[in-house]
Amino acid sequence: MAAASGNRPESTGRAARQENHTMEVRTRFAPSPTGYMHIGNLRTALYAWLHARGHGGKFILRIEDTDQARLVEDSVRVIYESLAVTGLDYDEGPDKGGSVGPYVQSERRHIYREYADKLLASGRAYRCFCEKTEKQEEPPQGEEKPGGEQDGPILGYDGRCSRLSESEVQANLSKGLPFVVRQRIDKDGSTAFKDFIYGDISVENKQLDDQILLKRDGFPTYNFANVVDDRLMGITHVMRGCEYLSSTPKYVLLYKAFGWDCPEHIHLPHILGPSGRKLSKREGSVALSDFLNRGYLPEAVLNYIALLGWNPGTEQEYFTREDLVKTFDIARIGKAPATFDEVKLAWLNGQHIKALPPEKAHELFARFYPAELAGRTDLAKLSAHIQGKVEKPSDIPQMTAFLSKLDEGYSAELFVNKKNKTTPENCLAALGDLKALLAGLPAWDFASIYAAVLGYAGEKGLKLGAVMWPLRIALSGLTVTPTGAIEIAELLGRGESDRRLGLAMEKLRVPL
RNA sequence: GCCCCCUUCGUCUAGCGGCCUAGGACGCUGCCCUUUCAAGGCAGAGAUCACGGGUUCGAAUCCCGUAGGGGGCGCCA
């Protein structure tokens, strides 16, 4: 106990957070099959996985498919693939088995019914025969709310069926009326729990609705299935987004109703999109596949999202998956939401690309080379040249377009550069000399071309940059290229290099 | 509307009462470099720690309030 704060609620500062090491750590990732892996969910999975792996515990995959209306075909496969590609391996799951299965909620309906019956028997739950009340649709975005007074839905269920007599219930039942099972919540007092990240959270019970446990179709709600499953599966640390923070007291009440101890609750701060709202599809990429398709490495994505809401307490930012396992600590998860910044992700991706063995980098880049480049240049060599500077492989087609086709309309003004003291005149002269020099070269490889250019610069008393500048532009039509000028010449080949040099000279003969 | 949570450079963050004239990273700017740009190395700009009160010899750090932001209030998860 942190005594520093006297008899005030305990500090939620990091030093005050202590872990319970008495039992084996079991964490779970419990996605619902939506058809794609949301980057925020992936972070939740990552943290849960890291915590299990870092403590020699078990990581469990559970599929939460209790919403029959929203089933998306093939979406469980997306979950498997996402976890596989990111290396978040699980010890128990639908396709792995385990002693507390099944691991798909739709296959556990008899279990939920059994537990709902227990609650019904003890009076902690009741049958509700009321009409279905669904959430009304939000008004379309950007539309004025007339009167300006109708924000938010009206507060919950009035609990009328909780007062039904036993005979009334039996009568309804024999009439075959459909019903849901609701949790009976005493509206007096308040319910508190201690979140590992956010500290003491307390909500007045009158704020809590008699939540539905079993739906009309017999499927459990998330609320109910979650509590039952986490308990039955022996989950010690429940990690999930903090949108559940204010409804957790309801879950706590459910644990109490069963006479169960609560697991450790670890609510994670949100990841925000550029607008400051929860990261969502409408403002850019949220699916893991979006990032993978653009050539982000799974490990870089993991590295980046790990840092969104967590930090190691050191200045290290580059982490392999194994580094993360060694370093990750739930005590260093923050409370404030974090904005997703693709620019920094790209930088980190560049760092991970640099660390790749050259074959692996080439394998990654190869997916992005335009077909027309394949026949013209040595792509493996190109990959080696650009490995140090590619951050986002999906940029490759645009970065390398000049190699397969020169944009001949580039402006001769590009040759003028103050720093290198280049003018159209001296560029023309240099290019003329170089063209002749290179044409006579016995071998066409980097070393030979470089030696020739270097020799020429020395002979003329020019800075190398002053020679490279016009050469680069002549060969590429660009002032910025992904590789050095010599590499370009080598990749282009003797004939094409010569042609481009000639073209540049023609351009330079026309006065600006 | 009611409830819960959050608030340090543009962004991710360090910070747990004196080490803070607030540190690091991305981005930005500049310099260095016998390949321009990039990469790499170095340097710099950038935060009156949301605001206002209090506690204290001393507060970014503790307390209270205000504002702003986010989330929840579904037979969705």
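Lettering follows sequence order; numbering is per chain, from 1.
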Just how far, in rounded Å, is [atom2] of [N] from [atom1] of [X]?
| X | N | atom1 | atom2 | value |
| --- | --- | --- | --- | --- |
| A/N349 | B/C26 | CG | C1' | 14 Å |
| A/F219 | B/A77 | CZ | P | 10 Å |
| A/L307 | B/C12 | CG | P | 12 Å |
| A/Y304 | B/G27 | OH | C1' | 12 Å |
| A/D210 | B/C73 | CG | C1' | 14 Å |
| A/Q316 | B/C12 | CD | P | 21 Å |
| A/Q211 | B/C76 | CD | C1' | 13 Å |
| A/E243 | B/C5 | CD | P | 16 Å |

### Message
Rounded at 0.5 Å granularity, tell me how far CZ in A/R231 sits from OH in A/Y115.
### Response
8.5 Å
[X] side chain: which of [options] is closest?
| X | options | value |
| --- | --- | --- |
| A/V480 | B/U35, B/C37, B/G24 | B/C37 |
| A/V343 | B/U35, B/A77, B/G27 | B/G27 |
| A/N311 | B/A14, B/U7, B/U34 | B/A14 |
| A/Y450 | B/C75, B/C5, B/U34 | B/U34 |
| A/D209 | B/G74, B/C12, B/U35 | B/G74 |
| A/D341 | B/C12, B/U11, B/U35 | B/U11 |
| A/S246 | B/U34, B/G71, B/C12 | B/G71 |
| A/Q207 | B/U34, B/A77, B/C2 | B/C2 |
| A/E315 | B/G23, B/C4, B/C75 | B/G23 |
| A/R182 | B/C75, B/G40, B/C3 | B/C75 |

Only pairs with both distances under 3.5 Å count, Watson-Crick or wobble alike; so what is the partner of [N] in this structure?
| N | result |
| --- | --- |
| B/A39 | none |
| B/G44 | B/C28 |
| B/U66 | B/A50 |
| B/C33 | none |
| B/A22 | none |
| B/C9 | none |
| B/G74 | none |

### Query
Do A/K389 side-chain and B/A39 base share a donor-acceptor contact under 3.5 Å?
no
### Query
Considering only heavy atoms and no angle criterion, is a donor-acceptor pair shorter than 3.5 Å present between the side chain of A/K354 and the base of B/A39?
no
Could you list the protein-to-nucleotides 67-70 of chain B atom pairs, N/O on both sides, closer than 3.5 Å?
none

#### Entry: A/Y296 six-ring centre to A/R294 NZ/CZ under 6.0 Å and within 45° of normal
no
Does [X] reach a base, just sugar-phosphate, or nothing at all? Heavy atoms under 4.0 Å.
| X | result |
| --- | --- |
| A/W347 | sugar-phosphate |
| A/L454 | base |
| A/T481 | base |
| A/E204 | nothing |

N-O pairing of [X] and [Y] below 4.0 Å:
| X | Y | value |
| --- | --- | --- |
| A/D217 | A/K215 | no |
| A/E391 | A/K354 | no |
| A/E64 | A/R62 | yes |
| A/K194 | A/E264 | no |

Pairwise [atom1] distance for [N] and [M], with rounding to whole Å:
| N | M | atom1 | result |
| --- | --- | --- | --- |
| B/G10 | B/A45 | C1' | 13 Å |
| B/A25 | B/A14 | C1' | 11 Å |
| B/U29 | B/U34 | P | 23 Å |
| B/C26 | B/C63 | C1' | 36 Å |

### Task
Verify the neighbour count for atom NZ of A/K187: are there more than 12 heavy atoms of other residues, nucleotides or ligands below 6.0 Å?
yes
### Message
Using only atom types and a distance under 3.5 Å, with no angle test, would you say the side chain of A/T423 pairs donor to acceptor with the backbone of A/N426?
### Response
yes
### Query
Would you say A/D210's side chain and A/R184's backbone share a donor-acceptor pair under 3.5 angstrom?
no
### Message
Counting C-beta onward and ignoring hydrogens, is there a side-chain heavy-atom pair between A/D229 and A/R108 closer than 4.5 Å?
### Response
yes
### Task
Tell me which of A/Q351 and A/L308 sits closer to the 5' end of RNA chain B, going by the nucleotide each one is nearest to.
A/L308
